[in-house]
S.K.: 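Mind looking over this structure? Questions follow.
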Amino acid sequence: MPRYLVTSALPYANGPIHFGHVIGAYLPADVYVRYRRMRGDDTLFVCGTDEHGVAITINAEATGVGYREFVDRWHRVIGDTLAAFGIQFDTPFSGTNRCRHHERISQRFFKNLHENGYLLQKTERQWYCEKDAMFLADRYLEGTCPFCGAENARGDECKKCGQWIDALALKNPHCKLCGTTPVVRETAHWYLDLPKLHADGVGEWFEGKNPRREHVEWKPNVRSFVGNMLADLHPRPITRDLRWGVPLPTPFTEEGKVLYVWFDAPIGYCSITQEVLEERARRKGETIEDNAWLDWWAPKNPSDVRLIHFIGKDNIGFHTIVFPSMSFGQGDRFGHPVVMPWAVPAMEFYNLQGRKFSTSDGWTIDPIEFLKRYPNVDAARFTLLSTSPETADSEFTFEDFQRVNNRDLADNLGNLLSRALRFAKDKLDGVVDRRDPTEAERALYAEVTPQIHAWAQALEKFEIRNACSALVAIGRATNRYFDACAPWSAIKSDRVAAERCIDWTTRCLGIIGILAEPFLPNAARAIRESVGIGGIDLRQAVDELLARSQVTAAEIGFRVGEVPILFQKIDDKTIAAEVAALRERAAASAKTTTKNMTENVPAAASQPAAPTPAAAPTPAAPAAAAGKPEITIDDFAKVELRVGTVVVAERVPKADKLLRLEVDLGTEKRQVLSGIALKYAPEQLVGKRVVVVCNLAPRTMRGLESRGMILAADDGSGPVIVSPTADVSPGATVK
RNA sequence: GGCGGCGUAGCUCAGCCCGGUUAGAGCAACGGCUUCAUAAGCCGUGUGUCAUCGGUUCAAAUCCGAUCGCCGCUACCA
């Protein structure tokens, strides 16, 4: 019997996670693992945070905390969030920096690849800081932009003019850490030879032509994505100039060089496995070898272990090509071949209320806060699961949340339990006895049985939405049966008929209580306890259900105890308030993040009458408060603003947002490019008065020179041109 | 502009890969029944251009091409 090794994409310890992450890689994995364990399969569920990389060092430095401290902070937040959703990884939920095996195992991967001839070395010229004794990654290099002369350009691009810069072309470079001037030196970086690995067997494996390393049929999204990727496969750099990460193994060790974060991250699955096994052993008072993880990752027979990666679609390439290549490239150096994925159930993207989740735009929900307001995690889990982006992008809406909670959970399932048990309590002395089935019960089971199998088959195929609807369908069928029996009227003439109805209704509730376990762990347990099968062995129960739609433990009657309210309903007002609050957050955030220097203008621009400063509407205030540092009138005077008339306007070919304008400034005509094509058609601009920044350095875009800039306001919904409210002659100054 | 995806009942979607019964589900709506239950439940009600046009075929929502519309990534937005 195969064992199951389940991983969820390692969340990057660089920020919070939102619903999209939760449904993308963690919740479905949790459901699947619970299911596998119900089926009695030996299953390991591994996850932790991805803690290296330049994004982390940069953000940590910007925050003014140490790398590890920074990573620890997010590790805690992410771990708490996932735990709040009831996602139960095997402990510990570790991380690529905190795991004490990670460095060793990552270095082993590197060495083995090297020994097997799958690494290339390329020499390139790069800036080197002698004081810090390291080569400087792009973002650790500052200097003068060779294009616009701005002084704080980075090694990869100039923030001022936006040009991409070849780091070697940077003028007057200096190290961002110590400020000294670096020198150009030759350095060698290592590359993973993906084309060779592909030719040597990874390609064959991917196509499903390696009988010893089988995988399920790839999902369509996986197949199409990888097809494109294979079309041009290049060696990939696996080392980086950084002080935060896994150092290269001896004898390749080099000061200031580490493994590229993408290389060591997936190895985290392996190293965390070792920690999990250690933790298990420790609990049993045993100790294990340092290579115990190989029992899972390089078993004697590769088909013994089914490796399943739950990921979002942005991770498909890594998990179907890159990491499998790294594993394949180990050869037998770990004793046996390293397992390659058996299934990669990649989710598509999950949006929020019609738009992308965006923390910076305020278009997001803090999961922890959400669960504080709606503490029944099961409802959140079931909503995410039944709207999950399995086959296409999908979205979370508060309306769906309400519908799933109220209709599917409270009305259908919760109320079913309630009506059956209350009846038993009030009318049958609180005792449920078993009664033999009649035609009606056989008909009920003819409906329920296929759903039990649908549930199992759907979960086997990672079709969690279908599994959810099978569960709901059983509730519906049972409600129907209950109605047809009408025990409330039967009891008047035929007490046994009423008893039979409650008996079989609660048996179906028992089935629901078992099948709901992966999705609704809390409600499932409550249901089981309520219908007298609280102590049931779930594994045996599922086997029995699949074999004969019955559970032995449910064949004895029970006495009704407390009747729980499984799901509290959510009213329309609450939902409307949630949506409104979300919109407000987004609007507030849009105001504080406008990018032009025109951010205080929009309210005034729409005022028809001449606005006085005193009459300035309040919305302008918070923008100013949250914005840039104070400047003096002299600073402002450096900007030459003039009114001009648009005389020519036309689209710039092959650019979506760009418009080429010719503006009459009275004394001269200038060509100005402006990124407003999404909101303005060229025709509607001709003749319009605009405000031009005249003394802005020229800039070439799409082969055309732009001399100046048109002022436009933007509240997040696109640019709005700023124009004088009364007729002013071209050339008039603006101040 | 490039790459990718999508367009099926009022809404959310399934079906499309591997063409073939009267194109389905849930929700909403409307009508009725019921009162055991969390104002829950049950029954009934859909003349849907399967975006449009064209092609392949005995047969197309399903395959091919073009068009329109929407979305994402990307370039561009001083």
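Both backbone and side-chain heavy atoms feed into the values below; hydrogens, waters and symmetry mates do not. To find a chain, count down the sequence lines: A is the first, B the second, and so on, and within it residues start at 1.
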S.K.: Need one value for T397(A): base, sugar-phosphate or nothing, where a base atom within 4.0 Å counts as base even if backbone is also close, heavy atoms only.
M.R.: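 Nothing: the residue T397(A), judged by heavy atoms under 4.0 Å, touches no strand.
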S.K.: Is the backbone N or O of Q568(A) less than 3.5 Å from a side-chain atom of N405(A), with the two atoms forming a donor-acceptor pair by type?
M.R.: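 Present.
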S.K.: In the structure shown, which nucleotide is the Watson-Crick or G-U wobble counterpart of rA9(B), with both distances under 3.5 Å?
M.R.: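 No nucleotide pairs with rA9(B).
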S.K.: Using whole Å, what does the distance between atom P of nucleotide rU12(B) and atom CZ of F401(A) come to?
M.R.: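 Computing the F401(A):CZ to rU12(B):P distance gives 20 Å.
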S.K.: Whom does rC63(B) pair with, Watson-Crick or G-U wobble, provided both distances fall under 3.5 Å?
M.R.: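 Pair assignment: rC63(B) / rG55(B).
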S.K.: Which nucleotide in the list rA14(B), rC43(B), rC77(B) gets nearest to the side chain of T391(A)?
M.R.: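 Closest nucleotide to the T391(A) side chain: rA14(B).
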S.K.: Find the partner of rG1(B): check Watson-Crick (N1-N3 plus N6-O4 or O6-N4) and G-U wobble (N1-O2, O6-N3) distances, both under 3.5 Å, and reply none if neither fits.
M.R.: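 Across any shown strand, rG1(B) pairs with rU74(B).
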S.K.: State which residues pass side chain to side chain donor-acceptor pair (under 3.5 Å) with R407(A); sequence neighbours excluded, sorted by chain then number.
M.R.: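 So R407(A) forms a side chain to side chain donor-acceptor pair (under 3.5 Å) with D411(A).
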S.K.: With a 4.5 Å heavy-atom cut-off, do T506(A) and L421(A) have their side chains touching?
M.R.: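 Yes, at least one pair of side-chain atoms sits under 4.5 Å.
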S.K.: Answer yes or no: does a side-chain N or O of K356(A) lie under 4.0 Å from OP1 or OP2 of rC71(B)?
M.R.: no
S.K.: Listed by chain and number, what are the side chain to side chain donor-acceptor pair (under 3.5 Å) partners of Q684(A), not counting sequence neighbours?
M.R.: none
S.K.: Please work out which residues in residues 443-464 of chain A have a non-hydrogen atom less than 4.0 Å from an atom of RNA chain B and list them by number.
M.R.: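 Listed by number, there are none.
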S.K.: Tell which nucleotide pairs with rA29(B), taking only Watson-Crick or G-U wobble pairs whose two distances are both under 3.5 angstrom.
M.R.: rU45(B)
S.K.: Could you run through nucleotides 26-38 of chain B and give me one letter per nucleotide, 5' to 3': B if any protein heavy atom sits under 4.0 Å from the base, S if only the sugar-phosphate is that close, - if neither?
M.R.: SSS-----SSBBB
S.K.: Per the ring-ring contact (aromatic ring centres under 6.0 Å, His included) rule, what does the pair list look like for residues 401-427 of chain A, sequence neighbours excluded?
M.R.: F370(A)-F401(A), Y374(A)-F401(A)
S.K.: Hey, which of these two, I676(A) or R465(A), hits RNA chain B nearer its 5' end, going by closest nucleotide?
M.R.: R465(A)
S.K.: Taking for each residue the nucleotide of RNA chain B with the nearest heavy atom, is it L658(A) or R480(A) whose nucleotide lies nearer the 5' end?
M.R.: R480(A)
S.K.: Using nucleotides 6-11 of chain B, report all nitrogen or oxygen pairs with the protein that are shorter than 3.5 Å.
M.R.:
none

